[in-house]
Peer 1: 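Sending over a structure as structure tokens; questions will come in a sec.
Here the structure is a predicted model, which is why all the values come from computation and not from measurement. Counting starts at 1 for both ligands and their atoms, following the listed order. All values below come from the heavy atoms of this structure, side chains included, with hydrogens, waters and symmetry mates left out.
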Amino acid sequence: MTEGVQTPSAFTPRVFSGIQPSGGLTLGNYLGAIKRFVDMQDSGVETIYCVVDLHAITATLFEPETLRRQTRELAAGYIASGLDPAKSILFNQSQVSTHAQLAWIFNCIARMGWMQRMTQWKDKAGKNQQNASLGLFAYPALMAADILAYHGTHVPVGEDQKQHLELTRDIAIKFNHDYGVDFFPITEPVIEGAATRVMSLRDGSKKMSKSDPSDASRINMTDDADTIAKKIRKAKTDPEGLPSDVKGLEDRPEARNLVNIYAALNDQSVEDVLRDVGGKQFSEFKPMLSDLAVEKLSPISGEMARLMADPAEIDRILSDGADRARAISEPILKRTYEIIGMVGA
Ligand code: AMP
Ligand code: TRP
């Protein structure tokens with residue numbers, strides 16, 4: 001078992017996580033999510049990973065062909081990064097109807113006030129909340145359903161998803177309490193490592209995001225070697241050299257971000273990286289970082305392109321994963337209906 005999967009619980013440990021197919025993958029998605037998903041699949045615990053296409057349409061409705069391509073690309077990104085469909089269950093959310101069905105139940109458990117406090121709702125809805133979709137508001141209840149439909153106990157995510165996981169716990173607690181059962185587990189977020197919050201290369205106070213208007217702010221998983229090197233060369237830094245201990249990164253968000261990225265890509269602790277590079281100037285460190293990034297990312301983007309040339313094979317993998325996902329989540333939904341008092345369940 002990996003470090004993150006140790007909390008004692010009456011439930012069998014099971015890892016669940018998901019990513020939205022809402023556009024290209026960034027280095028933030030890779031280090032904050034996918035790489036850690038892959039690391040957990042050898043932990044001895046069942047791992048279930050989802051392409052959350054129902055979530056992807058909460059903020060924007062895509063051209064149907066675009067959504068299909070993005071869904072397959074994300075599946076290809078998972079597999080190219082080392083996710084093995086024989087070891088993990090990999091599928092897209094809309095193929096398994098238990099997610100939407102359980103989400104409805106959770107819509108009736110969660111309170112308006114809980115949803116209104118979600119920072120992602122406030123950020124994504126912006127000033128014009130009246131014009132946001134109802135799905136965007138209910139997004140965290142669907143996310144809770146994703147996890148709890150499998151009795152997921154551990155959820156690896158980036159820092160930005162912490163609040164949604166607290167809400168997942170609140171939903172489980174209220175359901176268990178209101179029906180006097182101990183049916184849903186109280187899920188543990190797994191937010192660990194050097195890269196739980198990869199920042200923009202242009203502004204160390206902003207998260208690296210696929211929706212940032214500046215392409216120079218992020219590394220895309222599909223960027224070629226020259227583009228990666230150029231973006232890292234131009235990344236914002238301060239005039240100081242690199243410190244030899246973590247304390248020396250305080251109040252230096254850009255420097256800290258580049259060191260965190262290096263550590264996460266190289267499977268090292270930040271302390272170990274600084275022991276090696278402390279005292280160097282950025283002019284020397286940046287080429288080291290771009291060589292490392294190219295070495296780690298190029299094989300993944302190459303493999304993604306190869307997989308994308310055979311979309312039928314990706315669809316076959318997703319469909320097989322959906323069958324396995326249904327086999328776990330359908331009995332859990334049925335039992336939920338029984339607990340609630342739905343006739344025929
Ligand atoms: P999303 O693309 O918003 O569906 O995010 C998918 C996963 O990537 C989630 O677990 C996020 O927390 C994670 N993630 C996205 N951006 C970053 C980032 N800049 N740093 C770390 N993790 C991230
Ligand atoms: N909300 C997550 C994100 O934007 C994606 C997500 C949907 C998810 N369902 C999930 C993550 C279940 C973990 C578990 O990143």
Side-chain angles (χ1 to χ4, degrees), residues 4 14-38 40 47-60 70-71 73-74 77-78 81 89 91-94 96 99-100 102-103 106 118-121 123-124 135-136 138-169 171 187-212 217-221 253 256-257 260-261 264-265 325 329:
R14 190 178 271 152
V15 172
F16 184 97
S17 198
I19 301 181
Q20 302 182 67
S22 51
L25 284 170
T26 69
L27 182 66
N29 296 132
Y30 176 65
L31 294 178
I34 301 180
K35 181 171 185 296
R36 298 173 48 232
F37 299 177
V38 171
M40 288 177 107
T47 43
I48 307 178
Y49 298 121
C50 191
V51 178
V52 291
D53 49 5
L54 297 173
H55 277 107
I57 61 168
T58 55
T60 329
Q70 290 174 176
T71 298
E73 247 166 30
L74 177 51
Y78 273 127
S81 302
I89 296 180
F91 69 106
N92 61 308
Q93 191 184 28
S94 60
V96 181
H99 294 240
L102 189 59
F106 289 169
M118 293 294 112
T119 54
Q120 185 172 300
W121 154 252
D123 288 350
K124 287 199 178 171
L136 187 65
Y139 179 116
L142 177 59
M143 177 161 164
D146 296 339
I147 299 163
L148 296 176
Y150 300 87
H151 280 180
T153 57
H154 294 81
V155 181
V157 279
E159 182 69 40
D160 60 344
Q161 293 303 311
K162 197 169 172 193
Q163 198 186 29
H164 285 157
L165 291 179
E166 276 157 16
L167 192 123
T168 301
R169 294 163 68 97
I171 288 177
T187 302
E188 294 290 333
V190 185
I191 303 174
E192 332 181 301
T196 53
R197 194 167 163 79
V198 178
M199 307 309 281
S200 156
L201 299 179
R202 308 300 305 164
D203 177 351
S205 68
K206 268 185 16 197
K207 191 184 82 157
M208 181 181 287
S209 161
K210 57 190 144 198
S211 57
D212 193 312
S217 71
R218 64 178 159 265
I219 292 175
N220 305 303
M221 293 301 287
R256 187 174 50 218
N257 188 38
N260 282 348
I261 292 174
L265 279 171
S329 60

Peer 1: Sort out the contact shell of ligand 2: every protein residue with a heavy-atom distance below 4.0 Å, listed by chain and number.
Peer 2: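 Ligand 2 is contacted, at a heavy-atom distance under 4.0 Å, by Phe16, Ser17, Gly18, Gln20, Val52, His55, Tyr139, Met143, Asp146, Ile147, Val155, Val157, Gln161.
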Peer 1: Not counting sequence neighbours, which residues clear ring pair (Phe, Tyr, Trp, His ring centres under 6.0 Å) with His55? List them please.
Peer 2: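 Checked His55 against ring pair (Phe, Tyr, Trp, His ring centres under 6.0 Å); matches are Tyr139.
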Peer 1: Under 3.5 Å, is there a donor-acceptor pair between the Asp146 and Gln93 side chains?
Peer 2: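 Present: a donor and an acceptor within the cut-off.
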Peer 1: Side-chain donor-acceptor pair under 3.5 Å between Gln70 and Ser22, yes or no?
Peer 2: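 No - no donor-acceptor pair under 3.5 Å links their side chains.
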Peer 1: I'd like to check Asp53 versus Ile57 (side-chain heavy atoms, cut-off strictly below 4.5 Å). Are they in contact?
Peer 2: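 They are not in contact (no side-chain heavy atoms under 4.5 Å apart), so the answer is no.
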Peer 1: Answer yes when Lys207 and Asp160 have at least one side-chain N-carboxylate O distance shorter than 4.0 Å, and no when they do not.
Peer 2: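 Between Asp160 and Lys207 there is a salt bridge, with a charged N closer than 4.0 Å to a carboxylate O.
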Peer 1: Students often mix this up, so state it plainly: with edges at 30° and 60°, are the rings of Tyr150 and Phe91 parallel, tilted or perpendicular?
Peer 2: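 Plane angle between 30° and 60°, so tilted.
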Peer 1: For the pair Tyr78 (side chain) and Cys50 (backbone), establish whether a donor and an acceptor sit closer than 3.5 Å, ignoring hydrogens and angles.
Peer 2: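 Confirmed, Tyr78 side chain pairs with Cys50 backbone.
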Peer 1: Going by ring pair (Phe, Tyr, Trp, His ring centres under 6.0 Å), name the residues that satisfy it together with Tyr30, two or more places apart in sequence or in a different chain.
Peer 2: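 Partners of Tyr30 under the ring pair (Phe, Tyr, Trp, His ring centres under 6.0 Å) test: none.
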Peer 1: Would you call Asp212-Arg218 a salt bridge at under 4.0 Å N-O?
Peer 2: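 Looking at Arg218 together with Asp212, the answer is no, because their closest N to O distance does not fall below 4.0 Å.
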Peer 1: Tell me the residues surrounding ligand 1, counting only those with a heavy atom closer than 4.0 angstrom, sorted by chain and number.
Peer 2: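 Within 4.0 Å of ligand 1, the protein residues are Ile19, Gln20, Gly28, Asn29, Gly32, Ala33, Val157, Gly158, Asp160, Gln161, Ala195, Thr196, Arg197, Val198, Lys207, Met208, Lys210.
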